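Reading through the C-alpha cells given below for one structure.
Nothing fancy with the numbering, it's 1 onward along the sequence. These numbers come from a predicted model, not from an experiment.
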Amino acid sequence: MHIAPHDNQNRPIVDMDNPLVPLVYFNILRLTVGQHFDYRTPGYETCIVPATGTVTVETLGQTFADIGHRGVDVWDGEPEGVYVPSGTAARITARTDTEVFVAGAHYAETLRPFAVRAAQIDRVQYGSDDTKTHRKIKHILGAAYHDRVGRLLVSELFTVGAGGWSGFPSHKHDTDRLPEETRHDECYNFRFRPDYGSGLQMLQRVDNEPGEAYHIMNRSTVLIDKGYHPCCVLPGYEMYYFTILGGQSQRSLKQHFQPTHAAQLHTIPGIMDMVAKFK
C-alpha cells in the first residue's frame with residue numbers, strides 16, 4: 001500500500017493495530033525549537049530518530065539529551081535514536097526545529113530505554129555500480145540489540161550513486177515458517193536528493209505472476225504486508241528510505257528470496273553480509 005506525501009499534523013501515519021500491518025507503527029513529528037510532544041503506545045515498543053535537528057527524550061525517569069545532529073536533510077550527518085519501551089510514556093522536546101521519525105513494533109513486555117549514538121550505528125555497504133545495486137545501510141536498532149529490544153528493527157537505507165535498485169534480489173518475509181522464513185511487517189518512508197526525484201516500489205504477491213507498482217515520491221510511505229518488494233530510483237537521483245520491521249514471533253529477520261531471481265545472490269558483491277546484519 002502506498003500512502004502519498006501529506007501533512008500528518010503529528011498524527012500517526014501508521015497507527016497501532018493497523019489492519020494491513022498490525023505489527024508496526026509509524027509517526028512523523030514536526031516540532032519547532034522549545035516545543036514538546038508527549039506520546040504513549042500501549043503494546044508497542046518504539047524508537048525515536050530525528051530525521052533532522054536535535055531533541056531531548058524523557059522516558060521512565062531517564063533523560064537522553066541532544067539526540068540527533070543532522071542539518072538540512074537525512075544525508076547531512078549520522079542518525080541517532082532512543083529506544084522507548086512498550087507502553088511507556090515519552091516526551092520529546094525540540095532543541096532545534098526538527099523533524100522526528102517514531103518507529104514502533106508490537107511487543108507486550110516492557111524493557112529498559114537506551115540511546116543509540118552516531119558512533120554506535122552499525123553500517124554495511126554492498127552491491128556494485130555494475131549490477132545497479134550499490135547501497136549502504138545504517139542500522140539504528142540492528143542485530144547488536146537483540147538482548148535489549150523485543151521485535152523492532154530500525155534502519156536507514158541509501159542508494160550509492162545516482163539511480164539503481166534496492167531490495168534485490170526480490171525477497172519476502174510474510175509467513176512464519178521457521179527456519180526458512182519469518183513474518184515481519186514492514187514500513188518505509190522515502191526521501192530523494194534532489195527532493196523532486198522519484199522512484200518505483202514493486203510488490204509481487206506470487207512468483208512469476210503480475211504484481212503491483214507504486215510511484216514513490218519524496219516523503220512517500222509504503223506498507224509491506226506480503227509479497228516480494230524491490231524498489232528503484234530514477235537515474236540521476238539518490239534515494240533514502242527509513243525502514244521499520246516488526247516481527248511476529250521473533251526479532252531476527254529471515255528473508256525468503258524469490259525463486260526466479262535467487263541466482264542473482266551470487267552476482268551482487270557483499271549481499272550475504274547484508275542479510276546477516278538483519279539476523
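If you take NE2 on His229 and OG on Ser166, they are separated by 9.5 Å, rounding to the nearest 0.5 Å. Atom-to-atom distance recorded for Arg11:CZ and Leu29:CG is 12.0 Å, nearest 0.5 angstrom. Note that OH of Tyr188 is 9.5 Å distant from CD1 of Ile216, once rounded to the nearest 0.5 Å. Distance check: Tyr39 OH to Thr88 OG1 gives 9.0 Å after rounding to the nearest 0.5 Å. Of the inter-residue distances, the one linking Leu141 atom CG with His146 atom NE2 reads 11.0 Å to the nearest 0.5 angstrom. Note that the CZ atom of Phe192 and the CG atom of Asp73 stand 13.5 Å from one another [nearest 0.5 Å].
At a threshold of 4.0 Å, the pair Arg251-Asp147 does not count as salt-bridged, since none of the basic side-chain nitrogens sits closer than that to a carboxylate oxygen. Between Arg91 and Asp38 there is a salt bridge, since at least one side-chain N of the basic residue sits less than 4.0 Å from a carboxylate O of the acidic one.
Looking at Ile121 and Glu156, their side chains never come closer than 4.5 Å, going by heavy atoms from C-beta outward. Put simply, the side chain of Asp174 does not reach to within 4.5 Å of the side chain of Asp225, judged on heavy atoms. Residues Glu212 and Arg205 form a side-chain contact, since some pair of their non-hydrogen atoms from C-beta on lies under 4.5 Å apart. Looking at Glu186 and Val21, their side chains never come closer than 4.5 Å, going by heavy atoms from C-beta outward. A 4.5 Å side-chain heavy-atom check between Val149 and Phe114 finds at least one atom pair inside the cut-off.
In this structure, the side chain of Thr54 does not engage the main chain of Asp66 through any donor-acceptor pair within 3.5 Å. In this structure, Thr56 contributes its side chain and Thr93 its backbone to no donor-acceptor pair below 3.5 Å.
Between His256 and Tyr228, the ring planes are tilted. Angles from 30° to 60° get that label. Ring-plane geometry between Tyr44 and His106 is classed as perpendicular, the angle between the planes exceeding 60 degrees on a 0 to 90 degree scale with a lower cut at 30. In this pair, Phe168 and His261 present their aromatic rings tilted. The plane angle is within the 30 to 60° band.
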So Met202 and Ser170, side chain to side chain contact (heavy atoms under 4.5 Å, CB included) or not? Walk me through it.
-> CA-CA 9 Å; Met202 294 174 60; Ser170 311; over 6 Å; no
Test Arg123 against Glu78 for salt bridge (charged side-chain N to carboxylate O under 4.0 Å, His left out), laying out the working first.
-> CA-CA 11 Å; Arg123 300 167 182 82; Glu78 299 298 320; 3.2 Å; yes
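No hydrogens or angles considered: nothing links the side chains of Tyr214 and Ser220 as a donor-acceptor pair under 3.5 Å. Under 3.5 Å, the side chains of Tyr240 and Glu238 contain no donor-acceptor pair of N or O atoms. The closest side-chain donor-acceptor pair between His139 and Ser155 falls under 3.5 angstrom.
Within 6.0 Å of CZ on Arg112 lie no more than 12 heavy atoms contributed by other residues, nucleotides or ligands. In the displayed structure, Arg95 atom CZ is contacted under 6.0 Å by at most 12 heavy atoms of other residues, nucleotides or ligands.
Note on Val14: it does not cluster hydrophobically with Phe37, by side-chain heavy-atom contacts below 4.5 Å among ILVMFWY residues. Hydrophobic clustering of Ile, Leu, Val, Met, Phe, Trp and Tyr side chains at less than 4.5 Å, counting indirect connections, keeps Ile92 apart from Phe101.
Taking all atoms of both residues into account, the shortest heavy-atom contact from Ile48 to Val100 is CG2-CG1, 3.5 Å. Closest heavy-atom contact between Glu80 and Gly68: OE1-N, 2.9 Å.
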